[in-house]
Each structure stands twice: as structure tokens, then as C-alpha cells.
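Okay, so here's the structure we're looking at.
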There are 2 protein chains.
Amino acid sequence: MAVFLSSFVNKVDKKGRVSVPASFRAVLGSDAQGIVVFRSLQQEALDGCSIAHLELLSESLEKLDLAPEMFELIETTIFGGSVQIPFDGEGRIVLPSSLAQTIGITDEVAFVGRRKTFQLWNPQKLTEHDTSARSAARAQDISLSKIIAQASSKIEGGA
Amino acid sequence: MAVFLSSFVNKVDKKGRVSVPASFRAVLGSDAQGIVVFRSLQQEALDGCSIAHLELLSESLEKLDLAPEMFELIETTIFGGSVQIPFDGEGRIVLPSSLAQTIGITDEVAFVGRRKTFQLWNPQKLTEHDTSARSAARAQDISLSKIIAQASSKIEGGA
DNA sequence: TGATTACCCATGAGTGCCCATGGTATCCCA
DNA sequence: TGGGATACCATGGGCACTCATGGGTAATCA
């Protein structure tokens with residue numbers, strides 16, 4: 001199925017509009033009315049997803065037996081802090097300036113695909129994040145083919 | 001099964017198009033719509049693979065219990081940093097100039113088969129890398145027949 | 001009443017699609 | 001065995017379409 005891939009840097013214009021990349025809109029579907037955005041828990045970025053995905057998170061919360069503090073945190077910060085933003089006719093959104101300011105977005109936004117969701121970053125902060133992530137990968141000698149091999153052997157081992 | 005073998009150096013034209021070697025396209029399959037490309041974690045090159053291979057990596061990530069930092073790294077740099085590039089009618093791709101620039105590709109690209117995936121290099125940097133890799137192999141006295149023998153004894157030993 | 005939002009239209013750069021060509025390797029025939 | 005024909009591959013060019021960007025106006029809201 002279609003997933004959010006790649007990263008794009010698009011401009012924010014004087015009216016605060018920014019184009020959601022066409023490939024992300026394609027993943028969202030032609031009948032998508034917009035997206036949902038909220039502050040990321042782990043990074044200095046915004047998390048973005050489809051409305052359906054937020055509903056999935058909501059259902060997941062009901063099913064799991066989460067600790068009350070975690071439940072409360074998610075209820076307040078994620079659901080309380082999320083905004084649903086419609087597309088205009090050209091596939092643009094207007095980012096609430098309060099959210100944009102929390103992550104340092106001024107005149108450009110980086111959209112970063114994360115398969116089921118995506119993130120919105122200040123492009124410079126994203127570059128810094130990426131650079132440090134790659135340094136860590138080199139230091140740990142991470143290999144994608146090893147990850148695939150481990151996942152395969154986990155299945156065969158009857159794990 | 002078919003694997004990516006050999007290396008080829010092809011030209012990049014004024015429109016940024018470059019032919020994917022015919023044997024690589026054959027491995028990908030006649031119904032392949034294109035390839036996926038992302039920055040290599042370990043080398044100054046791009047990693048290339050089929051769309052199915054990226055899906056395999058995606059499934060592997062879901063199956064393994066990776067450390068959160070490693071998961072985050074792969075989600076952002078590999079999936080966020082990958083692009084799905086379609087073939088044109090003649091089996092060419094257009095490399096995004098942002099990716100091409102990170103590895104110093106200007107007017108030629110070296111395609112290097114790595115069995116299940118392949119890499120894209122600046123041809124000169126590939127030559128330098130190969131030279132230093134061969135020096136390291138001689139220093140470590142690497143023998144291909146020893147590798148085969150060790151793998152065979154590992155299988156028979158019921159490891 | 002002013003600011004903001006929604007809706008509509010326009011434009012240029014880049015992309016996708018299509019067609020053409022030259023070179024090389026392979027195959028077939030004399 | 002050599003030459004010609006054919007097929008395949010890499011390379012080059014042109015045109016239509018898409019995408020991101022920009023602007024204007026009317027409606028809505030505070």
C-alpha cells in the first residue's frame with residue numbers, strides 16, 4: 001500500500017500557505033479533506049497524518065491498558081494539541097502560526113515521509129538531526145541487510 | 001534467483017536522465033515501475049533497490065524489537081530520505097539533483113551490483129574506494145574459499 | 001471594520017511520455 | 001570464415017502535462 005516516502009522543502013508564502021507535496025496528497029487519497037498536525041513527542045517537529053490515522057490512534061488508546069499518566073499525556077497533548085487543517089483547491093495548507101513557531105518554521109517547511117505518518121520540520125533543524133543520526137549509524141555500524149536477515153531468521157526460529 | 005552483478009558507468013544527460021543498466025532492469029523485472037534510492041549509511045554513495053525490497057525492510061522493522069534510536073534513524077533517514085524513481089520508456093531514471101549532489105555525481109554514474117541491492121557512485125570515488133578496500137582485504141588476508149568453507153562447516157555443525 | 005480565510009485563476013519550471021538515432025554485439029548465410 | 005543484417009542498448013530531442021508558486025477577490029469572523 002502507499003506510504004509516505006521522501007522529503008520535500010516547500011515555501012511558506014505571505015499568507016502562510018504551503019503546498020503539501022503532491023505524492024503525500026496522493027497517499028492521503030483524492031477524497032482527503034486535509035491533514036491532522038500535532039507537536040511531536042520526541043522531536044522538535046510536527047507530526048502529520050491522515051484523519052483516519054488519528055482515529056486509529058484513538059481506537060488503539062481504548063483497546064490498550066495504558067498507565068493512567070500515559071493515557072492522560074496522550075489525551076491532552078496529542079488530541080488536545082492537534083489541529084485538523086483543510087487543503088485548499090491547490091493542495092495547500094495554512095499552518096497555524098502557533099504550531100509553526102514552536103518548531104521554528106518561518107519561510108520554509110520540510111515534509112519528511114515516515115511511511116504511515118509524516119513530519120514537518122524547520123529545514124535547517126532537519127539537516128542537523130539527519131547529520132547526527134548518520135553519525136550515530138556509522139558509529140554503530142548499522143546494516144540494513146543485517147536487519148532484514150535478522151527479521152527472516154526470527155521467523156524461521158519460531159520466535 | 002537473479003541478483004545484481006557487475007558495475008557499469010553511464011552518462012547523465014542535460015535533463016539529468018541516466019540509463020539503468022539493462023541487466024539490472026532485467027533483475028528488477030519487466031513489470032518494475034522504477035527503483036528506490038536513498039543515501040547509503042556507510043559509504044558516500046546511494047543505495048538502490050526494488051520497491052519490493054524496501055517493503056521487505058519496512059516489514060522487517062515491524063518484526064524486530066529495535067532500540068528506539070535505531071528505529072527513529074531508519075524511519076527518518078532511510079524512509080524519509082528515499083525516493084521512488086520511475087523508469088521512462090527507455091529504462092532511464094532522473095536522479096534528484098539533491099541526492100546526486102550529496103555524492104558528487106555530475107555527468108556520469110557508476111552502478112555497482114551488490115546481489116540484492118545496488119549502489120550508485122561517482123565513478124572516481126568508486127575507484128578510490130575500491131583501491132582502499134583491496135588494500136584492506138590484502139592486509140586482512142581475506143580468502144573467498146575460506147569464507148565458503150567456514151559457512152559450510154557452520155551449517156554442518158548444527159549452529 | 002479590519003483581519004483572516006476560502007475560493008478561484010494564472011504562470012513558469014520541471015517532469016513524464018514519446019519518438020529517433022548511432023553504436024555494438026550477435027546471428028545467420030554464403 | 002567473413003560479411004551483412006538484425007536486435008539491443010545507451011543516448012538525444014521535443015512536446016504536453018503537472019506541480020509549486022503567486023496573486024486577487026469575496027465572504028466570514030472577531
Side-chain angles (χ1 to χ4, degrees), chain A residues 2 4-37 48 51 83-101 105-113 118 120-121 123 126, chain B residues 2 4-37 48 51 82-101 105-113 118 120-121 123:
Chain A
F4 299 107
L5 286 185
S6 307
S7 299
F8 305 83
V9 176
N10 285 345
K11 285 187 161 216
V12 181
D13 72 6
K14 290 174 189 137
K15 298 174 177 178
R17 298 176 300 187
V18 60
S19 274
V20 175
S23 61
F24 285 19
R25 300 200 312 269
V27 172
L28 289 158
S30 56
D31 55 335
Q33 297 300 312
I35 59 173
V36 173
V37 169
I51 293 162
V83 293
Q84 184 170 323
I85 312 179
F87 290 131
D88 71 6
E90 286 67 44
R92 284 176 294 200
I93 57 170
V94 176
L95 265 180
S97 59
S98 56
L99 277 177
Q101 279 162 11
I105 283 173
T106 48
D107 55 359
E108 288 190 315
V109 182
F111 290 82
V112 182
F118 55 93
L120 282 72
W121 285 77
L126 174 65
Chain B
F4 298 107
L5 290 185
S6 308
S7 298
F8 306 83
V9 176
N10 284 345
K11 284 186 160 219
V12 181
D13 73 5
K14 289 175 190 135
K15 296 176 177 178
R17 297 176 298 191
V18 60
S19 274
V20 175
S23 62
F24 285 19
R25 298 201 311 272
V27 172
L28 288 158
S30 57
D31 56 335
Q33 297 301 313
I35 59 172
V36 174
V37 169
I51 292 163
S82 67
V83 292
Q84 184 170 321
I85 313 178
F87 290 131
D88 71 4
E90 287 66 44
R92 285 175 297 198
I93 57 171
V94 176
L95 264 180
S97 60
S98 56
L99 278 178
Q101 279 162 13
I105 283 173
T106 49
D107 55 358
E108 287 190 316
V109 182
F111 290 81
V112 181
F118 54 93
L120 282 73
W121 286 78

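Proteins get letters first, then strands, A, B, ... in listed order; numbering begins at 1 in each.
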Residue set satisfying salt bridge (charged side-chain N to carboxylate O under 4.0 Å, His left out) with A:Glu108, at least two apart, ordered chain then number -> none

Of B:Ile93, B:Val94, B:Leu120, the one forming a side-chain contact (heavy atoms from CB on, under 4.5 Å) with B:Val18 is B:Ile93

Separation between CG (B:Asp13) and CG (B:Asp107), nearest 0.5 Å, reads 11.0 Å

Report task. Any chance you could lay out the side chain to side chain contact (heavy atoms under 4.5 Å, CB included) test for A:Ile85 and A:Leu95, step after step, and finish with the verdict? Result -> CA-CA 8 Å; A:Ile85 312 179; A:Leu95 265 180; 4.1 Å; yes

Query raised in the report: Is there a donor-acceptor pair closer than 3.5 Å between any side-chain N or O of A:Asn10 and the backbone N or O of A:Ser19?
Result: yes

The correct set of residues in residues 13-25 of chain A placing a heavy atom under 4.0 Å from DNA chain D is A:Lys14, A:Lys15, A:Arg17, A:Ser19, A:Val20, A:Pro21, A:Ala22, A:Arg25

- Message: Before you tell me yes or no, could you show the steps for A:Leu5 and B:Val83 under side chain to side chain contact (heavy atoms under 4.5 Å, CB included), namely the whole-Å CA-CA distance, both residues' side-chain angles and the distance that decides it to 0.1 Å?
- Response: CA-CA 7 Å; A:Leu5 286 185; B:Val83 292; over 6 Å; no

Sorted by chain and number, sequence neighbours left out, ring-ring contact (aromatic ring centres under 6.0 Å, His included) with B:Phe111 holds for none

message: What verdict does the side chain to side chain contact (heavy atoms under 4.5 Å, CB included) test give for A:Phe87 and A:Leu28, after you've listed the backbone C-alpha separation in whole Å, the side-chain angles of each residue and the deciding distance to 0.1 Å?
response: CA-CA 11 Å; A:Phe87 290 131; A:Leu28 289 158; 3.7 Å; yes

Counted 5' to 3', the first and last nucleotides of DNA chain D within 4.0 Å (strictly under) of a heavy-atom of chain B are D:dC9 to D:dG14

Assign each of A:Phe8 and A:Asp88 the nucleotide of DNA chain D bearing its closest heavy atom; nearer the 5' end lies the nucleotide of A:Phe8

Given B:Val109 and B:Trp121, is the side chain to side chain contact (heavy atoms under 4.5 Å, CB included) satisfied, shown in steps?
CA-CA 6 Å; B:Val109 182; B:Trp121 286 78; over 6 Å; no

Under 3.5 Å, is there a donor-acceptor pair between the side chain of A:Ser6 and the main chain of B:Ser82?
-> yes

The reported gap from CZ in B:Arg25 to CD1 in B:Ile35 (rounded to nearest 0.5 angstrom) is 11.0 Å

Angle separating the five-pair end axes of the helix from C:dT1-D:dA30 to C:dA30-D:dT1, nearest 10°, is 30°

- Task: Indicate, with a heavy-atom threshold strictly under 4.0 Å, whether B:Asn10 touches base, sugar-phosphate, or nothing.
- Result: sugar-phosphate

Report task. Please state whether the rings of B:Phe4 and B:Phe24 are parallel, tilted or perpendicular, taking 30° and 60° as the class boundaries. Result -> perpendicular

Here the residues of residues 89-96 of chain A within 4.0 Å heavy-atom distance, strictly under, of DNA chain C are A:Glu90, A:Arg92

Value for CZ (A:Arg17) from CD (A:Glu90), rounded to nearest 0.5 Å, stands at 8.0 Å

